[in-house]
Protein chains: 2
Amino acid sequence: MSSEGPVKLDATAKRIIELLQEDGRASYAAIAKAVGLSEAAARARVQKLLDSEIMQVVAVTDPTQVGFTRQAMIGIRTEGDPLQVGDRLAEVAEVDYVVTTAGSFDLLVEVVCEDDPHLLDVIRRVRELEGVVSSETFVYLKLNKQHYNWGTR
Amino acid sequence: MSSEGPVKLDATAKRIIELLQEDGRASYAAIAKAVGLSEAAARARVQKLLDSEIMQVVAVTDPTQVGFTRQAMIGIRTEGDPLQVGDRLAEVAEVDYVVTTAGSFDLLVEVVCEDDPHLLDVIRRVRELEGVVSSETFVYLKLNKQHYNWGTR
DNA sequence: GTTAATTCTGCGATTACCGCACATTCTTTG
DNA sequence: CAAAGAATGTGCGGTAATCGCAGAATTAAC
């Protein structure tokens with residue numbers, strides 16, 4: 001769905017991203033002052049970053065706090081093209097995160113479920129997908145840390 | 001650092017969260033209209049959700065797009081209290097995500113690094129932590145899907 | 001049933017946002 | 001290298017959103 005080009009970001013773009021990683025609702029005026037641009041220019045740059053899907057500004061929550069009692073990571077071994085299997089997994093609604101990896105799993109998939117029967121159903125559906133050879137599920141017991149302000153380089 | 005109580009969220013709070021999961025920069029006026037409150041009340045509720053750390057509004061990016069070429073998930077087996085080890089891991093700057101799990105790993109840890117030597121150094125530091133018995137690293141090759149609008153229940 | 005605390009509404013006063021015309025800088029390209 | 005074209009930035013006026021606060025309404029506690 002997204003065709004990536006390794007976009008080049010200048011120092012101003014990176015500082016804007018870092019500011020919004022700290023506070024996604026920062027005003028354009030505040031951003032402009034922080035990076036030394038006019039308000040209109042700052043606004044244009046934020047819009048560009050959003051439109052190009054380099055960055056998105058969203059609310060993030062601990063799923064367990066908003067009614068999803070079962071979360072899990074599923075390690076998956078595939079046959080055929082892992083990227084294609086990854087695309088198929090990405091279509092599953094309960095899946096919020098898919099990465100292709102090197103190691104004893106080909107894909108790591110995070111799923112968000114309401115309860116145990118729901119998780120069971122998701123695992124069943126995942127294992128039935130074409131190209132999925134085996135899977136191993138890690139049920140989440142506690143979310144210890146979750147942050148997004150890793151900055152830029 | 002965060003003392004969790006399973007906070008009870010009413011329907012309005014959940015709808016506000018869902019709206020901001022779609023667009024973290026939605027105006028208070030728009031939120032108010034959507035949930036049927038005055039602008040001031042909507043603003044107060046958003047502030048409360050932010051202050052109580054139930055929700056945070058932030059910019060999220062694909063790390064590879066902003067200069068971090070090496071990302072990985074590290075599966076960790078521990079001895080002693082996994083939660084304590086998790087807390088220690090959470091203090092590592094390059095670690096952005098820590099979950100305690102049930103399964104063949106006790107903890108899953110996501111790390112964001114600039115390059116291979118950086119990743120190597122992080123893995124070394126992680127393995128030296130007290131309580132870490134063994135670790136297995138899954139280097140990310142591609143981020144297939146990443147989304148945050150899983151809604152509420 | 002009264003009190004206290006929380007939450008909501010309804011405003012002005014202030015600030016931010018948006019769109020647009022024009023200036024500036026950076027890239028092609030002949 | 002000069003001119004054309006594309007980005008990117010500035011300034012500003014009109015509109016809309018935000019903020020702070022006083023008082024009403026609702027909810028919880030006793």
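Note that this is a predicted model, so its numbers are computed, not measured. Basis for what follows: all heavy atoms, side chains included, without hydrogens, waters or symmetry-related copies. Reminder, nothing fancy here: chain letters follow the sequence lines and each chain counts from 1.
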d(CD, B:Glu39; C1', C:dG10) in whole Å: 11 Å
Interatomic distance, B:Lys33 NZ vs D:dA16 C1' [rounded to whole Å]: 11 Å
Take the protein atom CG of B:Leu9 and the nucleotide atom P of C:dT7, then report the distance between them rounded to whole Å. 12 Å
When the distance from CD of A:Gln47 to P of C:dG19 is rounded to whole Å, what number comes out? 9 Å
Length of the line joining B:Tyr28:OH and C:dT9:P, which is rounded to integer Å: 16 Å
Flag the pair B:Lys145 and A:Glu91 as a salt bridge only when some basic side-chain nitrogen lies within less than 4.0 angstrom of an acidic carboxylate oxygen. no
Heavy atoms under 4.0 Å, any strand shown: does B:Ser27 hit a base, just sugar-phosphate, or nothing? sugar-phosphate
Tell me: CZ of A:Arg43 to P of D:dA17, nearest whole Å? 14 Å
With a 4.0 Å cut-off on heavy atoms, is A:Ala29 in touch with a base, just the backbone sugar-phosphate, or nothing at all? sugar-phosphate
From CZ of B:Arg25 over to P of D:dA17, roughly how many Å is that when rounded to an integer? 14 Å
With a 4.0 Å cut-off on N to O distance, would you call B:Asp106 and B:Arg77 a salt bridge? no
A quick test of your reading: do over 12 heavy atoms of other residues, nucleotides or ligands sit less than 6.0 Å from CD of B:Glu130? no
Is any side-chain N or O of B:Lys48 closer than 4.0 Å to OP1 or OP2 of C:dT6? no
How long is the line joining CD1 of A:Ile31 and P of C:dT15, in whole Å? 18 Å
How is A:Arg45 classified with respect to the nucleic acid when contacts are heavy atoms under 4.0 Å: base, sugar-phosphate, or nothing? sugar-phosphate
What class does the angle between the rings of B:Tyr148 and A:Tyr148 fall in, given that below 30° is parallel, 30 to 60° is tilted and above 60° is perpendicular? perpendicular
